[in-house]
Amino acid sequence: MLSPTRVAASLGILALMLMLGGTQDAIARSKLPDPINGGVAERLYRLDCGHSLANDESVWTPAENAGRDIEFSSTCRLIKHGREWLLWDTGVPESALNDPRGWSTLPKLIVYHLDKSLTDQLAEIGLKPGDIGRVAISHTHGDHIGNLGLFPNSTVVMQQAEYSWIHSPNGPNDNVNQLMALARKLLGTPKKLQLIDGDTDVFGDGSVTLISTPGHTPGHQSLLVHLRNSGFILLSGDVVHLKGNFEMNIVPSLNTDKAESIASMERVRQLIAAYKATFFINHDKSQTDKLKLLPAFYD
Ligand SMILES: [Zn+2]
């Protein structure tokens with residue numbers, strides 16, 4: 001005889017399968033975690049990985065807010081899984097630390113500042129860069145891979161599509177071309193590179209899952225983290241920059257594919273509903289400022 005809780009759990013999984021494509025095969029194929037019986041990671045930290053000021057909000061909200069200033073947060077996340085550590089994105093380069101001139105990916109548009117180094121923040125909880133086994137990157141824009149050089153012995157995990165894209169010929173958008181050139185420079189040639197294709201269960205237990213969300217760049221990804229007390233948390237990467245854009249399906253002009261961007265936002269909405277997930281938007285400063293910061297953590 002099934003207990004009411006088991007029945008509710010089974011119905012939950014069934015609803016999820018229906019939502020995500022109809023059959024259990026759909027979950028197995030897509031490497032998505034089991035919402036009830038999936039594993040958990042122990043801790044999720046937010047690191048302050050910079051903040052920026054852009055002089056034209058309309059790049060992120062096309063046809064609106066031309067010439068208006070906008071501030072963004074930059075965050076990195078650190079996940080503890082057993083004795084292993086996974087870093088999600090690496091932020092603005094440490095060379096920009098306390099430099100009043102800041103640092104930029106697109107000097108005419110945006111300037112980044114860094115008040116705390118990644119190394120110092122890791123040290124606050126007793127870690128050195130060498131303790132980080134894996135560094136997964138949402139995508140290759142400079143504000144996300146600025147400190148990859150601090151982790152020469154870590155395995156860099158990224159989508160094959162992203163890697164191929166930055167090594168492909170230039171396209172029509174000069175801003176995008178500049179970002180690709182900077183990406184090649186900052187990525188360099190990692191000693192340990194894991195190129196993945198689509199959704200990927202990082203630890204093989206459903207606790208941490210890379211979710212393919214292309215559109216901002218061709219191999220962009222988000223990260224779904226399962227924690228015991230906080231449940232599922234979905235880390236956006238740059239699938240959206242602002243809560244308002246997410247609500248209105250607005251696509252920044254820097255994105256490489258508008259239709260893919262909209263499809264990825266829709267996918268994120270489905271995942272949030274299916275996993276009752278909390279959604280942390282990396283660059284949305286008004287949300288980020290309210291979230292726990294290392295040494296505090298979500299568990
Ligand atoms: Zn970004």
Side-chain angles (χ1 to χ4, degrees), residues 46-62 69-77 87-94 96 102-115 118 135-148 156-159 161-163 165-166 173 175-187 210-223 234-246 250-258 260-261 264-265 268 279-289 291:
R46 170 171 72 95
L47 287 76
D48 178 349
C49 278
H51 53 96
S52 58
L53 183 65
N55 58 23
D56 184 4
E57 184 174 350
S58 72
V59 171
W60 290 272
T61 54
D69 285 352
I70 179 163
E71 276 190 280
F72 293 108
S73 51
S74 282
T75 67
C76 307
R77 311 277 174 170
L87 181 66
W88 170 244
D89 284 341
T90 69
V92 174
E94 287 197 354
W103 174 84
S104 189
T105 48
L106 295 167
K108 286 184 194 143
L109 176 65
I110 190 162
V111 179
Y112 293 85
H113 293 277
L114 191 66
D115 310 327
L118 189 46
V135 180
I137 55 172
S138 60
H139 64 298
T140 53
H141 284 168
D143 53 319
H144 296 257
I145 64 167
N147 290 305
L148 268 184
V156 175
V157 187
M158 64 187 289
Q159 294 284 334
E162 187 76 1
Y163 187 85
W165 168 62
I166 61 170
N173 184 321
N175 280 341
V176 173
N177 296 337
Q178 267 186 67
L179 291 169
M180 287 165 69
L182 181 62
R184 286 190 294 273
K185 189 173 141 208
L186 291 170
L187 179 67
L210 292 156
I211 304 285
S212 171
T213 49
H216 181 57
T217 59
H220 182 277
Q221 54 185 351
S222 304
L223 191 68
L234 184 57
L235 304 175
S236 64
D238 285 2
V239 70
V240 289
H241 290 69
L242 302 162
K243 188 162 167 274
N245 280 11
F246 189 47
I250 294 169
V251 177
S253 64
L254 287 168
N255 282 24
T256 54
D257 192 309
K258 190 171 175 181
E260 270 188 351
S261 299
S264 288
M265 284 191 266
V268 162
F279 189 39
F280 289 168
I281 302 176
N282 169 52
H283 287 306
D284 191 318
K285 193 168 184 305
S286 59
Q287 185 198 44
T288 301
D289 287 348
L291 302 181

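When a residue number appears, it is its place in the shown sequence, counting from 1. Read the numbers this way: they start at 1 and go in the same order the structure lists the ligands and their atoms.
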Legend entry - Check: Thr213 main-chain N/O paired with His220 side-chain donor or acceptor under 3.5 Å: yes
Inset, instruction - Using 2.8 Å as a strict upper limit, say whether an N, O or S atom of His241 approaches the Zn ion (ligand 1) that closely. - result: no
Inset, instruction - Just give me the atom name: the N, O or S atom of Asp143 closest to the Zn ion (ligand 1). - result: OD2
Legend entry - His283 NE2 to Thr288 OG1 distance, which is reported to the nearest 0.5 Å: 9.0 Å
Legend entry - Proximal heteroatom of Asp238 relative to the Zn ion (ligand 1) (N/O/S): OD2
Inset, instruction - Would you kindly say whether Asn255 and Ser261 are connected by a side-chain donor-acceptor distance under 3.5 Å? - result: yes
Legend entry - His144 and Asp238 side chains, donor-acceptor separation under 3.5 Å: yes
Legend entry - Backbone or side-chain N/O/S of His141 under 2.8 Å of the Zn ion (ligand 1): no
